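Just the heavy atoms: all of them, side chains too, but no hydrogens, waters or symmetry mates, feed the values below. Note that this is a predicted model, so its numbers are computed, not measured.
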Amino acid sequence: MIQKDTAYEIVRFGIVGVVSTALHYAIYWVLQHWIEVNIAYTVGYVLSFLVNYWLSAHFTFHRSASVKNGMGFSGAHLVNYCLHIVLLNLFLWFGLSNEVAPLAVYAIAIPVNFILVRFVFKHT
């Protein structure tokens with residue numbers, strides 16, 4: 001059974017995730033019409049990462065932003081970014097459109113990201 005605090009963290013993570021993912025996808029969607037998809041995806045990822053870190057620290061996990069958890073968060077997101085880019089290119093290679101491929105990526109990468117980020121904020 002999930003503890004009450006963990007359940008609330010998951011809900012808050014979901015809210016932050018929706019905001020960050022929507023921002024990422026919106027930036028990507030606009031940019032991919034003018035620049036290469038991997039660059040568009042990366043720009044969207046970096047900008048949403050900044051928003052995600054601030055919201056994750058303050059809203060999801062009720063922690064202050066610090067160098068220590070910032071480095072851990074960045075490390076977790078570096079792993080997550082690599083997963084995103086590999087999956088994006090794999091789904092594009094399989095024939096998904098530029099607009100749909102990121103949605104398939106999110107379905108896999110977001111749960112992995114929660115585990116990584118929760119570890120960072122709970123163990124730093």
Side-chain angles (χ1 to χ4, degrees):
M1 184 105 205
I2 295 177
Q3 293 179 325
K4 189 175 179 181
D5 290 343
T6 302
Y8 287 137
E9 277 180 1
I10 292 169
V11 169
R12 291 190 306 267
F13 178 85
I15 293 167
V16 170
V18 167
V19 169
S20 298
T21 302
L23 177 63
H24 180 204
Y25 187 79
I27 293 167
Y28 163 80
W29 187 86
V30 169
L31 292 179
Q32 60 96 21
H33 291 96
W34 293 291
I35 61 177
E36 199 271 328
V37 295
N38 285 293
I39 296 169
Y41 199 85
T42 299
V43 170
Y45 191 91
V46 168
L47 295 175
S48 71
F49 164 82
L50 297 171
V51 171
N52 192 343
Y53 172 64
W54 191 85
L55 289 174
S56 291
H58 295 287
F59 178 68
T60 304
F61 298 107
H62 300 286
R63 301 281 194 269
S64 296
S66 70
V67 172
K68 188 173 182 179
N69 65 31
M71 294 299 288
F73 192 83
S74 296
H77 274 271
L78 180 60
V79 170
N80 194 45
Y81 170 76
C82 292
L83 177 63
H84 272 252
I85 286 298
V86 167
L87 290 173
L88 175 70
N89 285 283
L90 182 65
F91 290 134
L92 290 171
W93 184 75
F94 281 145
L96 291 179
S97 71
N98 289 356
E99 290 79 15
V100 174
L103 303 176
V105 172
Y106 298 146
I108 296 169
I110 289 172
V112 171
N113 187 46
F114 174 75
I115 294 165
L116 294 172
V117 170
R118 186 172 191 279
F119 178 80
V120 166
F121 280 100
K122 292 297 186 176
H123 293 88
T124 58

Return the set of residues passing side-chain contact (heavy atoms from CB on, under 4.5 Å) with [X] (not counting sequence neighbours), or none when no residue passes.
X: Leu23; answer: Ile27, Ser48, Val51
X: Leu83; answer: Asn80, Leu87, Ala109, Val112
X: Ile110; answer: Phe13, Thr21, Tyr106
X: Val46; answer: Thr42

Once you round to the nearest 0.5 Å, how far does OG of Ser56 lie from CZ of Arg63?
12.5 Å
Within this structure, what is the NE2-CD1 distance for the pair His33 and Ile35, rounded to the nearest 0.5 Å?
12.0 Å
Excluding sequence neighbours, so at least two apart, what forms ring-ring contact (aromatic ring centres under 6.0 Å, His included) with Tyr28?
Tyr41
Considering only heavy atoms from C-beta outward, does the side chain of Asn89 approach that of Asn38 to under 4.5 Å?
yes
Under a 4.5 Å side-chain heavy-atom rule over Ile, Leu, Val, Met, Phe, Trp and Tyr, are [X] and [Y] clustered together?
X: Leu78; Y: Ile85; value: no
X: Val18; Y: Leu55; value: no
X: Ile108; Y: Trp93; value: yes
X: Val30; Y: Leu103; value: yes

Do you know the tightest heavy-atom contact between His77 and Asn52?
CE1-ND2, 3.7 Å
Salt bridge (Lys or Arg N to Asp or Glu O under 4.0 Å) partners of residues 23-45, not counting sequence neighbours, each pair once
none
Do the ring planes of Phe91 and Phe94 sit parallel (below 30°), tilted (30 to 60°) or perpendicular (above 60°)?
tilted
Kindly assign one of parallel, tilted or perpendicular to the pair His24 and His84, based on the angle between their ring planes and the thresholds 30° and 60°.
tilted
Qualifying residue, where the test is side chain to side chain contact (heavy atoms under 4.5 Å, CB included) with Pro102 and the options are Leu92, Val37, Leu88:
Leu88
Under the side-chain contact (heavy atoms from CB on, under 4.5 Å) criterion, do Tyr8 and Gln3 qualify, and how do the steps go?
CA-CA 9 Å; Tyr8 287 137; Gln3 293 179 325; over 6 Å; no
